[in-house]
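Here the structure comes first, spelled out in C-alpha coordinates, and everything after it is commentary.
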Amino acid sequence: MADPLESQITPPDVYLNRRNFIRGGIVAATAAGTALAYRKFNGVDPVSSEQPPIPGVQKPAAGQGFTVAGEELTPRDSIANYNNFYEFTTDKDGVAAAAKDFKTAGWKITVDGLCAKPRVFDLDDLRKVAPPEERIYRMRCVEAWSMVIPWVGFSLGKLLAKVEPTSAAKFVAMETLFDPTRMPNQSSGALEWPYVEGLRIDEAMHPLAILATGLYGNELPPQDGAPVRLVTPWKYGFKGIKSIVKISLVATRPPTSWNKRAPDEYGFYGNVNPHHDHPRWSQATERRIGETARRPTLMFNGYADQVASLYTGMDLDVDF
Ligand SMILES: Nc1nc2c(c(=O)[nH]1)N[C@H]1C(S)=C(S)[C@@H](COP(=O)(O)O)O[C@H]1N2
Ligand SMILES: [Mo]
(Lines give C-alpha, C1' and ligand atoms only; values in the text may rest on other atoms or scores of the structure.)
(Ligands and ions follow the chains in the order given, each with its own letter.)
Protein backbone atom coordinates (compact mmCIF):
# COMPACT_ATOMS: atom_id res chain seq x y z
CA MET A 1 0.00 0.00 0.00
CA ALA A 2 1.37 3.37 -0.98
CA ASP A 3 -0.52 5.18 1.77
CA PRO A 4 -0.74 3.14 4.96
CA LEU A 5 -2.84 5.72 6.75
CA GLU A 6 -5.63 5.76 4.23
CA SER A 7 -5.39 2.04 3.61
CA GLN A 8 -6.03 1.48 7.29
CA ILE A 9 -9.46 3.06 7.15
CA THR A 10 -10.78 2.02 3.75
CA PRO A 11 -10.84 -1.27 1.89
CA PRO A 12 -7.94 -1.35 -0.53
CA ASP A 13 -10.20 -1.33 -3.59
CA VAL A 14 -11.99 1.82 -2.48
CA TYR A 15 -8.60 3.33 -1.87
CA LEU A 16 -7.53 2.39 -5.39
CA ASN A 17 -10.70 3.83 -6.90
CA ARG A 18 -10.10 7.09 -5.11
CA ARG A 19 -6.59 7.30 -6.52
CA ASN A 20 -8.03 6.46 -9.91
CA PHE A 21 -10.66 9.16 -9.52
CA ILE A 22 -8.03 11.75 -8.73
CA ARG A 23 -5.75 10.66 -11.52
CA GLY A 24 -8.20 9.46 -14.13
CA GLY A 25 -11.33 11.61 -13.82
CA ILE A 26 -13.76 10.44 -16.47
CA VAL A 27 -13.02 6.74 -16.33
CA ALA A 28 -13.49 6.61 -12.59
CA ALA A 29 -16.59 8.79 -12.74
CA THR A 30 -18.30 6.42 -15.18
CA ALA A 31 -17.28 2.92 -14.29
CA ALA A 32 -13.65 2.80 -13.31
CA GLY A 33 -13.66 1.42 -16.85
CA THR A 34 -12.20 -1.85 -17.86
CA ALA A 35 -8.82 -2.77 -16.48
CA LEU A 36 -7.48 -1.76 -19.84
CA ALA A 37 -8.82 1.77 -19.60
CA TYR A 38 -7.80 1.91 -15.97
CA ARG A 39 -4.27 1.20 -16.89
CA LYS A 40 -4.25 3.62 -19.81
CA PHE A 41 -5.39 6.35 -17.46
CA ASN A 42 -2.85 5.35 -14.87
CA GLY A 43 0.10 5.19 -17.22
CA VAL A 44 0.64 1.43 -17.09
CA ASP A 45 -0.07 -0.67 -20.15
CA PRO A 46 -1.43 -4.14 -19.69
CA VAL A 47 1.31 -6.71 -20.16
CA SER A 48 0.56 -9.18 -22.92
CA SER A 49 1.19 -12.63 -21.56
CA GLU A 50 -0.38 -15.07 -24.02
CA GLN A 51 0.38 -18.68 -23.20
CA PRO A 52 0.15 -21.95 -25.16
CA PRO A 53 -3.29 -23.58 -25.36
CA ILE A 54 -4.03 -26.62 -23.21
CA PRO A 55 -5.23 -29.49 -25.40
CA GLY A 56 -8.32 -31.53 -24.59
CA VAL A 57 -10.00 -29.27 -22.06
CA GLN A 58 -13.31 -30.83 -21.02
CA LYS A 59 -16.51 -28.96 -20.22
CA PRO A 60 -17.43 -29.37 -16.59
CA ALA A 61 -20.15 -31.68 -15.28
CA ALA A 62 -23.48 -29.91 -14.67
CA GLY A 63 -25.09 -29.13 -11.35
CA GLN A 64 -22.04 -29.10 -9.10
CA GLY A 65 -21.17 -25.40 -9.06
CA PHE A 66 -18.44 -25.90 -11.66
CA THR A 67 -19.74 -23.03 -13.75
CA VAL A 68 -21.37 -19.65 -13.08
CA ALA A 69 -24.67 -18.93 -14.82
CA GLY A 70 -25.84 -15.42 -15.64
CA GLU A 71 -22.66 -13.55 -14.74
CA GLU A 72 -20.17 -12.23 -17.27
CA LEU A 73 -16.64 -13.57 -17.42
CA THR A 74 -14.02 -11.06 -16.36
CA PRO A 75 -11.87 -10.17 -19.40
CA ARG A 76 -8.53 -11.95 -19.57
CA ASP A 77 -6.72 -8.61 -19.63
CA SER A 78 -8.10 -7.82 -16.19
CA ILE A 79 -7.42 -11.26 -14.73
CA ALA A 80 -3.85 -11.11 -16.00
CA ASN A 81 -3.10 -7.48 -15.09
CA TYR A 82 -4.67 -6.94 -11.67
CA ASN A 83 -3.04 -9.42 -9.32
CA ASN A 84 -1.92 -10.19 -5.82
CA PHE A 85 1.42 -12.01 -5.85
CA TYR A 86 3.66 -10.52 -3.18
CA GLU A 87 6.67 -12.57 -4.27
CA PHE A 88 6.95 -10.17 -7.23
CA THR A 89 5.53 -6.89 -5.96
CA THR A 90 2.76 -5.66 -3.67
CA ASP A 91 1.51 -3.36 -6.46
CA LYS A 92 -1.47 -5.11 -8.06
CA ASP A 93 -0.92 -3.28 -11.35
CA GLY A 94 2.75 -4.23 -11.45
CA VAL A 95 2.72 -8.02 -10.93
CA ALA A 96 2.33 -8.89 -14.63
CA ALA A 97 5.42 -6.90 -15.61
CA ALA A 98 7.45 -8.02 -12.60
CA ALA A 99 6.65 -11.71 -13.23
CA LYS A 100 6.95 -11.58 -17.03
CA ASP A 101 10.20 -13.55 -17.28
CA PHE A 102 9.41 -16.12 -14.58
CA LYS A 103 10.40 -19.56 -15.95
CA THR A 104 8.67 -22.76 -14.89
CA ALA A 105 10.66 -25.34 -16.93
CA GLY A 106 11.61 -28.37 -14.86
CA TRP A 107 8.97 -27.59 -12.23
CA LYS A 108 8.37 -30.26 -9.61
CA ILE A 109 5.78 -30.69 -6.89
CA THR A 110 6.53 -32.89 -3.91
CA VAL A 111 3.48 -34.58 -2.37
CA ASP A 112 4.44 -36.14 0.93
CA GLY A 113 3.64 -36.54 4.62
CA LEU A 114 0.99 -38.89 6.02
CA CYS A 115 0.39 -41.02 2.95
CA ALA A 116 1.28 -44.49 1.65
CA LYS A 117 2.87 -43.36 -1.63
CA PRO A 118 4.69 -40.01 -1.33
CA ARG A 119 5.88 -38.86 -4.72
CA VAL A 120 7.46 -36.07 -6.72
CA PHE A 121 5.34 -34.99 -9.71
CA ASP A 122 6.73 -33.13 -12.70
CA LEU A 123 4.34 -31.24 -14.97
CA ASP A 124 3.90 -34.25 -17.25
CA ASP A 125 3.00 -36.44 -14.29
CA LEU A 126 0.53 -33.80 -13.17
CA ARG A 127 -1.17 -33.81 -16.58
CA LYS A 128 -1.68 -37.56 -16.22
CA VAL A 129 -3.48 -37.26 -12.88
CA ALA A 130 -6.74 -36.13 -14.49
CA PRO A 131 -7.95 -34.60 -17.76
CA PRO A 132 -8.03 -30.80 -17.73
CA GLU A 133 -11.50 -29.36 -17.08
CA GLU A 134 -12.87 -25.87 -17.52
CA ARG A 135 -14.09 -24.51 -14.17
CA ILE A 136 -15.75 -21.11 -14.18
CA TYR A 137 -15.58 -19.75 -10.65
CA ARG A 138 -16.22 -16.51 -8.84
CA MET A 139 -13.08 -15.15 -7.17
CA ARG A 140 -13.60 -12.92 -4.15
CA CYS A 141 -10.51 -11.24 -2.68
CA VAL A 142 -10.61 -10.38 1.02
CA GLU A 143 -9.98 -6.78 -0.12
CA ALA A 144 -13.59 -6.69 -1.46
CA TRP A 145 -13.03 -6.93 -5.20
CA SER A 146 -14.11 -9.89 -7.30
CA MET A 147 -13.89 -11.52 -10.73
CA VAL A 148 -15.42 -14.45 -12.64
CA ILE A 149 -12.57 -16.59 -13.95
CA PRO A 150 -12.59 -19.48 -16.43
CA TRP A 151 -9.87 -21.69 -14.97
CA VAL A 152 -8.50 -24.90 -16.40
CA GLY A 153 -7.69 -27.48 -13.77
CA PHE A 154 -8.71 -30.62 -11.95
CA SER A 155 -9.89 -31.53 -8.47
CA LEU A 156 -7.10 -31.46 -5.88
CA GLY A 157 -8.64 -34.63 -4.41
CA LYS A 158 -7.59 -36.55 -7.53
CA LEU A 159 -3.94 -35.71 -6.90
CA LEU A 160 -4.22 -36.53 -3.20
CA ALA A 161 -5.80 -39.90 -4.01
CA LYS A 162 -2.65 -40.83 -5.98
CA VAL A 163 -0.50 -40.71 -2.85
CA GLU A 164 -3.07 -42.51 -0.67
CA PRO A 165 -3.44 -40.37 2.46
CA THR A 166 -3.49 -42.34 5.73
CA SER A 167 -6.28 -41.93 8.27
CA ALA A 168 -3.90 -39.77 10.35
CA ALA A 169 -3.91 -37.07 7.64
CA LYS A 170 -6.31 -34.36 8.85
CA PHE A 171 -4.96 -31.30 7.01
CA VAL A 172 -3.09 -30.43 3.83
CA ALA A 173 -0.20 -27.93 3.92
CA MET A 174 1.01 -26.19 0.76
CA GLU A 175 4.05 -24.12 -0.11
CA THR A 176 5.04 -21.70 -2.87
CA LEU A 177 8.50 -21.78 -4.43
CA PHE A 178 11.14 -19.97 -2.40
CA ASP A 179 13.79 -18.58 -4.74
CA PRO A 180 14.55 -14.86 -4.41
CA THR A 181 16.62 -14.95 -7.62
CA ARG A 182 13.40 -15.77 -9.51
CA MET A 183 10.86 -14.12 -7.20
CA PRO A 184 12.65 -10.87 -6.43
CA ASN A 185 10.29 -9.47 -3.79
CA GLN A 186 11.15 -12.46 -1.58
CA SER A 187 14.19 -10.34 -0.68
CA SER A 188 11.77 -8.01 1.11
CA GLY A 189 9.86 -8.54 4.31
CA ALA A 190 6.47 -8.04 2.60
CA LEU A 191 5.48 -11.45 4.02
CA GLU A 192 7.29 -14.31 5.71
CA TRP A 193 8.56 -16.62 2.93
CA PRO A 194 7.75 -19.03 1.51
CA TYR A 195 4.02 -18.28 1.19
CA VAL A 196 2.19 -21.14 2.88
CA GLU A 197 -1.46 -22.15 2.87
CA GLY A 198 -3.54 -25.06 4.04
CA LEU A 199 -6.91 -26.76 4.10
CA ARG A 200 -8.67 -29.27 6.28
CA ILE A 201 -8.54 -32.63 4.49
CA ASP A 202 -12.29 -32.69 3.81
CA GLU A 203 -12.04 -29.22 2.27
CA ALA A 204 -9.10 -30.36 0.15
CA MET A 205 -11.07 -33.43 -1.04
CA HIS A 206 -14.12 -31.33 -1.96
CA PRO A 207 -14.72 -31.46 -5.74
CA LEU A 208 -14.79 -27.64 -5.99
CA ALA A 209 -11.17 -27.36 -4.76
CA ILE A 210 -8.93 -27.44 -7.82
CA LEU A 211 -5.35 -27.20 -8.85
CA ALA A 212 -5.47 -24.75 -11.74
CA THR A 213 -2.94 -24.93 -14.54
CA GLY A 214 -4.70 -22.64 -16.99
CA LEU A 215 -6.86 -19.63 -17.69
CA TYR A 216 -9.19 -19.03 -20.68
CA GLY A 217 -8.08 -22.36 -22.20
CA ASN A 218 -4.37 -21.54 -22.13
CA GLU A 219 -1.60 -22.24 -19.64
CA LEU A 220 -1.44 -19.93 -16.63
CA PRO A 221 0.59 -16.77 -17.06
CA PRO A 222 3.21 -16.29 -14.33
CA GLN A 223 1.29 -13.53 -12.57
CA ASP A 224 -1.68 -15.85 -11.92
CA GLY A 225 0.45 -18.54 -10.31
CA ALA A 226 2.13 -20.59 -13.04
CA PRO A 227 2.56 -23.43 -13.43
CA VAL A 228 0.02 -24.60 -10.85
CA ARG A 229 -1.99 -22.90 -8.11
CA LEU A 230 -4.83 -23.71 -5.77
CA VAL A 231 -8.37 -22.38 -6.35
CA THR A 232 -11.02 -22.72 -3.61
CA PRO A 233 -13.88 -20.53 -4.88
CA TRP A 234 -15.86 -20.43 -1.61
CA LYS A 235 -12.85 -18.95 0.21
CA TYR A 236 -11.14 -15.58 -0.03
CA GLY A 237 -8.49 -15.30 -2.73
CA PHE A 238 -5.57 -15.46 -0.31
CA LYS A 239 -6.25 -19.18 0.23
CA GLY A 240 -5.43 -19.76 -3.46
CA ILE A 241 -1.71 -20.27 -3.10
CA LYS A 242 0.27 -19.79 -6.32
CA SER A 243 3.27 -21.53 -7.90
CA ILE A 244 3.05 -24.54 -5.59
CA VAL A 245 6.13 -26.73 -5.02
CA LYS A 246 5.01 -28.77 -2.04
CA ILE A 247 1.82 -30.38 -0.73
CA SER A 248 2.06 -32.24 2.57
CA LEU A 249 -0.51 -34.35 4.38
CA VAL A 250 -0.30 -33.47 8.06
CA ALA A 251 -2.03 -34.25 11.37
CA THR A 252 -2.46 -30.73 12.74
CA ARG A 253 -3.57 -27.38 11.37
CA PRO A 254 -0.67 -25.91 9.39
CA PRO A 255 0.43 -22.27 9.62
CA THR A 256 -0.89 -20.04 6.81
CA SER A 257 0.73 -16.83 5.58
CA TRP A 258 -1.92 -14.18 6.13
CA ASN A 259 -3.09 -15.73 9.39
CA LYS A 260 0.50 -15.56 10.70
CA ARG A 261 0.76 -11.96 9.56
CA ALA A 262 -2.52 -10.70 11.13
CA PRO A 263 -4.52 -13.42 12.92
CA ASP A 264 -7.34 -11.02 13.89
CA GLU A 265 -7.88 -10.10 10.26
CA TYR A 266 -7.32 -13.35 8.36
CA GLY A 267 -8.47 -16.67 9.79
CA PHE A 268 -7.28 -20.13 8.84
CA TYR A 269 -10.53 -20.91 7.04
CA GLY A 270 -10.84 -17.73 4.97
CA ASN A 271 -14.42 -18.62 4.02
CA VAL A 272 -16.21 -15.81 2.20
CA ASN A 273 -18.75 -14.47 4.71
CA PRO A 274 -20.68 -11.21 4.23
CA HIS A 275 -21.70 -11.30 7.92
CA HIS A 276 -18.17 -11.35 9.29
CA ASP A 277 -16.52 -8.02 8.58
CA HIS A 278 -12.82 -7.50 8.27
CA PRO A 279 -11.82 -5.36 11.28
CA ARG A 280 -10.98 -2.49 8.90
CA TRP A 281 -13.79 -2.78 6.33
CA SER A 282 -17.17 -4.32 5.59
CA GLN A 283 -17.38 -7.64 3.75
CA ALA A 284 -21.08 -7.18 2.92
CA THR A 285 -20.46 -5.98 -0.65
CA GLU A 286 -17.81 -6.21 -3.32
CA ARG A 287 -16.63 -4.48 -6.46
CA ARG A 288 -16.83 -6.81 -9.45
CA ILE A 289 -13.95 -5.77 -11.67
CA GLY A 290 -15.46 -4.06 -14.73
CA GLU A 291 -18.76 -3.08 -13.05
CA THR A 292 -19.87 0.22 -11.52
CA ALA A 293 -22.32 -0.68 -8.77
CA ARG A 294 -21.16 -2.82 -5.88
CA ARG A 295 -22.67 -6.30 -5.57
CA PRO A 296 -23.79 -7.97 -2.38
CA THR A 297 -21.28 -10.58 -1.28
CA LEU A 298 -22.81 -14.06 -1.08
CA MET A 299 -22.34 -16.53 1.77
CA PHE A 300 -19.50 -18.88 0.82
CA ASN A 301 -19.22 -16.73 -2.32
CA GLY A 302 -22.40 -18.33 -3.70
CA TYR A 303 -21.25 -21.93 -3.09
CA ALA A 304 -23.24 -22.56 0.11
CA ASP A 305 -25.23 -25.41 -1.49
CA GLN A 306 -21.97 -27.23 -2.18
CA VAL A 307 -19.89 -26.46 0.92
CA ALA A 308 -22.02 -25.29 3.87
CA SER A 309 -22.22 -28.85 5.23
CA LEU A 310 -18.43 -28.84 5.74
CA TYR A 311 -18.95 -26.30 8.52
CA THR A 312 -22.05 -27.59 10.30
CA GLY A 313 -21.91 -26.79 14.02
CA MET A 314 -19.01 -24.37 13.73
CA ASP A 315 -19.19 -20.77 14.93
CA LEU A 316 -18.17 -18.92 11.79
CA ASP A 317 -17.26 -15.81 13.78
CA VAL A 318 -14.71 -17.83 15.73
CA ASP A 319 -13.48 -20.07 12.95
CA PHE A 320 -13.31 -17.50 10.19
N1 LIG B 1 2.28 -17.38 -3.39
C2 LIG B 1 1.28 -16.48 -3.35
N3 LIG B 1 0.03 -16.88 -3.59
C4 LIG B 1 -0.98 -15.98 -3.55
C5 LIG B 1 -0.75 -14.62 -3.22
C6 LIG B 1 0.60 -14.24 -2.97
O7 LIG B 1 0.91 -13.06 -2.69
N8 LIG B 1 1.58 -15.19 -3.06
N9 LIG B 1 -1.82 -13.74 -3.13
C10 LIG B 1 -3.15 -14.32 -2.87
C11 LIG B 1 -4.23 -13.36 -2.98
S12 LIG B 1 -4.40 -12.24 -1.70
C13 LIG B 1 -5.14 -13.39 -3.99
S14 LIG B 1 -6.51 -12.36 -4.01
C15 LIG B 1 -4.95 -14.30 -5.14
C16 LIG B 1 -4.95 -13.48 -6.41
O17 LIG B 1 -4.91 -14.31 -7.55
P18 LIG B 1 -4.89 -13.62 -8.98
O19 LIG B 1 -3.78 -12.61 -9.01
O20 LIG B 1 -4.66 -14.75 -9.96
O21 LIG B 1 -6.24 -12.98 -9.17
O22 LIG B 1 -3.73 -15.05 -5.07
C23 LIG B 1 -3.42 -15.52 -3.77
N24 LIG B 1 -2.26 -16.40 -3.84
MO1 LIG C 1 -6.54 -11.38 -1.87
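Just so it is clear, the structure is predicted and the values come from calculations on it, not from any experiment. Every number for a ligand or one of its atoms is a count from 1 in the order of the listing.
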Output field: ring centroids Phe88/Phe102 closer than 6.0 Å: yes
Contact residues of ligand 1 (heavy atom under 4.0 Å), by chain and number: Asn83, Asn84, Phe85, Tyr86, Glu87, Met139, Cys141, Thr176, Tyr195, Asp224, Arg229, Gly237, Phe238, Gly240, Ile241, Lys242
Under 3.5 Å, sequence neighbours excluded: what are the donor-acceptor pairs made by side chains of residues 189-210?
{"from": "Glu192", "atom 1": "OE2", "to": "Lys260", "atom 2": "NZ", "distance (Å)": "3.0"}
{"from": "Trp193", "atom 1": "NE1", "to": "Gln186", "atom 2": "O", "distance (Å)": "3.4"}
{"from": "Trp193", "atom 1": "NE1", "to": "Ser188", "atom 2": "O", "distance (Å)": "2.9"}
{"from": "Trp193", "atom 1": "NE1", "to": "Leu191", "atom 2": "O", "distance (Å)": "3.2"}
{"from": "Tyr195", "atom 1": "OH", "to": "Phe238", "atom 2": "O", "distance (Å)": "2.7"}
{"from": "Glu197", "atom 1": "OE1", "to": "Lys239", "atom 2": "NZ", "distance (Å)": "2.7"}
{"from": "Arg200", "atom 1": "NE", "to": "Asp202", "atom 2": "OD1", "distance (Å)": "2.8"}
{"from": "Arg200", "atom 1": "NH1", "to": "Tyr269", "atom 2": "OH", "distance (Å)": "3.2"}
{"from": "Arg200", "atom 1": "NH2", "to": "Asp202", "atom 2": "OD1", "distance (Å)": "3.4"}
{"from": "Arg200", "atom 1": "NH2", "to": "Asp202", "atom 2": "OD2", "distance (Å)": "2.8"}
{"from": "Arg200", "atom 1": "NH2", "to": "Leu310", "atom 2": "O", "distance (Å)": "2.7"}
{"from": "Glu203", "atom 1": "OE1", "to": "Arg200", "atom 2": "N", "distance (Å)": "2.9"}
{"from": "Glu203", "atom 1": "OE2", "to": "Lys235", "atom 2": "NZ", "distance (Å)": "2.7"}
{"from": "Glu203", "atom 1": "OE2", "to": "Tyr311", "atom 2": "OH", "distance (Å)": "2.4"}
{"from": "His206", "atom 1": "ND1", "to": "Leu208", "atom 2": "N", "distance (Å)": "3.0"}
{"from": "His206", "atom 1": "NE2", "to": "Gln306", "atom 2": "O", "distance (Å)": "3.0"}

Pairs touching residues 299-320 that satisfy salt bridge (charged side-chain N to carboxylate O under 4.0 Å, His left out), sequence neighbours left out: none
Residue pairs passing the salt bridge (charged side-chain N to carboxylate O under 4.0 Å, His left out) test where at least one lies in residues 213-227, sequence neighbours excluded: none
Residues Arg295, Glu291: salt bridge by 4.0 Å N-O rule: yes
Validation row, ring centre Tyr86 to ring centre Trp258 under 6.0 Å: yes
